[in-house]
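Here's the structure we're looking at; comments come further down.
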Amino acid sequence: MERNDLEKIRLEKIESMRAAGIEPYPTTADYTHRNQEAIQAFEAAEQIVGSEPLQATLVGRIRAMRPMGKIAFAHIEDGTARIQLFFRINDIGEALMSRLKEDYDLGDYIEASGHLFRTKTGEISLHVNSFRMLAKAVTPLPAAKDEEVDGKIVRHATLNDPEMRYRQRYADLAVNPEVREIFKIRTKTIRALQQFLDERDFIEVETPILQPIYGGAAARPFVTFHNQLKQELYLRISFELYLKRLIVGGFDRVYEIGRDFRNEGVSFKHNPEFTQIEFYMAYANYHSIMELTENMVAYVCDQVLGSRTLQFRGNTLDVTPPWRRMELRQGLIESTGIDINEHLTGESLEAAMKAKGYAFKPTSPRGKLIDSLIGDYLEPSLIQPTFLYDYPRDISPLAKSKPGDPTMTERFEGFMAGMELCNAFTELNDPLDQEQRFLEMGRDYESDDEERHPMDEDYLRAMSYGMPPMGGFGMGVDRLVMLLTNQQTIREVLLFPHLRKLEE
RNA sequence: GGGCGCGUAGCUCAAUGGUAGAGCAGUGGCCUUUUAAGCCAUUGGUUCAGGGUUCGAGCCCCUGCGCGCUCACCA
């Protein structure tokens, strides 16, 4: 590994420590408090007049160092808080004082013992009487110094280049506290989703990621190969068909939170792998799922943000139920002037779009044209939480038809901030209709081979055993986290977003 | 995949086609309550890579690589 000059200096320090009989990477670390606990314990002890000084051993990473001759200050940081260390030659002696100056750098991990006190300026600090190296850092962290302003750590000249931040996320996290906050919110979000569903008797399950037949969405899959079985396998593009098999099996309410993989374009809202939540609920339909959805998102906001409003791209979004409900057909009439019910074939709709001067991909099926109208003219205007409902049958192969209208299905999508958030429907449970839909999909997408929905005989068999009426739901968790953290790109809410491989 | 933009010291950023700089970090020194500590001194560069134009290229041109934005794609 190539080392730059700064690293070489630190490597020399490691050698000199070892020469002096000091192990820069000891196997143990001791502490009496985590930093936050120490601060709280000190504040509590302070209230009691005449209490003994609070002894503590603390650990953490050195984030700032201010040697001043015969005294020195440092700030260390663990996973809970930042705290100041105070070193004085009177307490630690000349030898340790010079070791401190010689051996210790920003980024090193240190263990320090002493008593807690307040400095002249009132900052709670550890008055150190002994300390040792816990782990020497060879590479300097990509940040200058930090300071505390109103309780918040402000780090100066810190890692900023997005490419390096994503490629070296460890350094990004180590140096940018606000990035760590995003991922704490992400974890809380997932926990809140689980709590919400668990409280309603859903059970969380795990279904195959490697699948012999992919399905449940229209997307290109990643293909892989099992050597011993000599069998092609696909990374799942959705959980849908497996979760609904479980409903047939008698689990009335199931959900899964996990990774989907789609072999498609990468953008600010698309990563090749992304986290999805899907749930299925027997004896529910899309109306009850709508209610459940708005309550679930409101619950998550309560738990994660402590508020039902959130800021996103300069908009204040209010997720308080009930959300606006808008029939898709009506929404399109208002936003485009086209009534899709008057254009029941792709040709007719294409002509209408052409007449209005709307962009479209020629010879697309009707459903795809409608989809592009939504995406171009309706979706961007849906800022406050909105459900669009009743979607065309030909882009909803797993949704149940609307009674009395063979062209429509009981399906809705939820939108916020001009972005699609979730997709749900009354699930199709008629095995003969389902078989017909698979055949239609195969026909419609013949030209676009990779994206066509493959026939899944086993899924049809499961349905043939008898599938209860039910509602199902899917949501991109990453997009929800983007909304909750006001992040404009999915890469900011993925710990390790996909980046192109670098040539060595 | 198309279009536009970007790539300079460890980090953040400067530099009309004319000697590549600053702050922080680092190194040496002074400094016993500092907090982006301060003061003095100082090291550090294949300007993403490769070609070209030019007396001379970080800057202009071409190719490649990577990233960003955007379009296409995307239930």
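By convention in this document, chain letters (A, B, ...) are assigned in the order of the sequence lines, proteins followed by strands, and residues within each chain are numbered from 1.
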Between [X] ([atom1]) and [N] ([atom2]), how many Å, whole number?
X: A:Met164; N: B:rC48; atom1: CE; atom2: P; answer: 13 Å
X: A:Asn160; N: B:rG68; atom1: CG; atom2: C1'; answer: 12 Å
X: A:Glu7; N: B:rU27; atom1: CD; atom2: C1'; answer: 16 Å
X: A:Gln168; N: B:rG10; atom1: CD; atom2: P; answer: 13 Å
X: A:Asp108; N: B:rA25; atom1: CG; atom2: C1'; answer: 13 Å
X: A:Phe268; N: B:rC74; atom1: CZ; atom2: C1'; answer: 12 Å
X: A:Met65; N: B:rU27; atom1: CE; atom2: C1'; answer: 14 Å
X: A:Arg3; N: B:rG10; atom1: CZ; atom2: P; answer: 14 Å

[atom1] atom, [N] versus [M]: distance in rounded Å?
N: B:rU12; M: B:rU53; atom1: P; answer: 35 Å
N: B:rC24; M: B:rG68; atom1: C1'; answer: 26 Å
N: B:rU43; M: B:rG23; atom1: P; answer: 13 Å
N: B:rU32; M: B:rC13; atom1: C1'; answer: 37 Å
N: B:rG38; M: B:rA49; atom1: C1'; answer: 43 Å
N: B:rG45; M: B:rA9; atom1: P; answer: 11 Å
N: B:rA20; M: B:rG44; atom1: C1'; answer: 13 Å
N: B:rG21; M: B:rU47; atom1: P; answer: 14 Å

Worksheet item: Mind checking what makes side chain to side chain donor-acceptor pair (under 3.5 Å) contact with A:Arg165, not counting sequence neighbours?
Response: A:Asp172, A:Glu492

Discussion item. Check A:Lys13 with A:Asp103, please: is the shortest side-chain N to carboxylate O separation under 4.0 Å?
Written reply: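 Looking at A:Lys13 together with A:Asp103, the answer is no, because their closest N to O distance does not fall below 4.0 Å.
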
Worksheet item: Is any NZ, NE, NH1 or NH2 atom of the basic residue among A:Lys368 and A:Asp371 found under 4.0 Å from an Asp or Glu carboxylate oxygen of the other?
Response: no

Classify the side-chain pair [X]/[Y] by whether it contains a donor and acceptor separated by less than 3.5 Å.
X: A:Gln276; Y: A:Arg259; result: no
X: A:Tyr286; Y: A:Asp390; result: yes
X: A:Tyr242; Y: A:Glu240; result: no

Applying the Watson-Crick and G-U wobble criteria at under 3.5 Å, what pairs with [N]? Answer none if nothing qualifies.
N: B:rG5; answer: B:rC67
N: B:rG26; answer: B:rU42
N: B:rU32; answer: none
N: B:rA57; answer: none

Taking the side chain of [X] as heavy atoms from C-beta outward, which of [options] is closest to it?
X: A:Leu159; options: B:rG26, B:rU12, B:rC74; value: B:rU12
X: A:Asn4; options: B:rG10, B:rA75, B:rC67; value: B:rG10
X: A:Leu106; options: B:rC67, B:rC74, B:rA25; value: B:rA25
X: A:Arg411; options: B:rU70, B:rC73, B:rA75; value: B:rA75
X: A:Arg167; options: B:rG66, B:rG10, B:rA75; value: B:rG66

Nucleotide N/O to protein N/O under 3.5 Å, stretch nucleotides 31-34 of chain B:
unit_1: B:rC31; atom_1: N3; unit_2: A:Gly69; atom_2: N; d: 3.2
unit_1: B:rC31; atom_1: N4; unit_2: A:Gly69; atom_2: N; d: 3.3
unit_1: B:rU32; atom_1: OP2; unit_2: A:Lys70; atom_2: N; d: 3.4
unit_1: B:rU32; atom_1: N3; unit_2: A:Asn90; atom_2: OD1; d: 2.9
unit_1: B:rU32; atom_1: O4; unit_2: A:Asn90; atom_2: OD1; d: 2.9
unit_1: B:rU33; atom_1: O2; unit_2: A:Lys120; atom_2: N; d: 3.0
unit_1: B:rU34; atom_1: O2; unit_2: A:Arg66; atom_2: NE; d: 2.8
unit_1: B:rU34; atom_1: O2; unit_2: A:Arg66; atom_2: NH2; d: 2.9
unit_1: B:rU34; atom_1: O2; unit_2: A:Gln84; atom_2: OE1; d: 3.3
unit_1: B:rU34; atom_1: N3; unit_2: A:Gln84; atom_2: OE1; d: 2.9
unit_1: B:rU34; atom_1: N3; unit_2: A:Gln84; atom_2: NE2; d: 3.1
unit_1: B:rU34; atom_1: O4; unit_2: A:Gln84; atom_2: NE2; d: 2.8
unit_1: B:rU34; atom_1: O4; unit_2: A:Thr119; atom_2: OG1; d: 2.7
unit_1: B:rU34; atom_1: O4; unit_2: A:Thr121; atom_2: OG1; d: 3.4

Discussion item. Test of understanding: with ring pair (Phe, Tyr, Trp, His ring centres under 6.0 Å), list the residues that count as partners of A:Phe387, not counting sequence neighbours.
Written reply: A:Trp323, A:Phe412

Worksheet item: Is the centre of the A:Phe117 ring less than 6.0 Å from the centre of the A:Phe86 ring?
Response: yes

Fill in: Nearest-nucleotide comparison on RNA chain B, the residue closer to the 5′ end among A:Thr489 and A:Arg500
A:Arg500

Discussion item. On RNA chain B, does the nearest nucleotide to A:Pro140 precede the nearest nucleotide to A:Ile9 from the 5' side, or the other way round? Give the residue.
Written reply: A:Pro140

Worksheet item: Under 4.0 Å between a side-chain N or O of A:Arg491 and OP1 or OP2 of B:rC69?
Response: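 Indeed, a polar side-chain atom of A:Arg491 lies that close.
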
Discussion item. Under 4.0 Å, heavy atoms only, any strand: does A:Lys13 hit a base, just the sugar-phosphate, or nothing?
Written reply: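 Here A:Lys13 touches the backbone only, sparing every base.
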
Item to complete: Give one of base, sugar-phosphate or nothing for A:Arg10, where a contact means two heavy atoms less than 4.0 Å apart.
Response: nothing

Discussion item. Give me the atom names and distance for the closest heavy-atom approach of A:Leu378 to A:Gly331.
Written reply: CD1-O, 3.7 Å

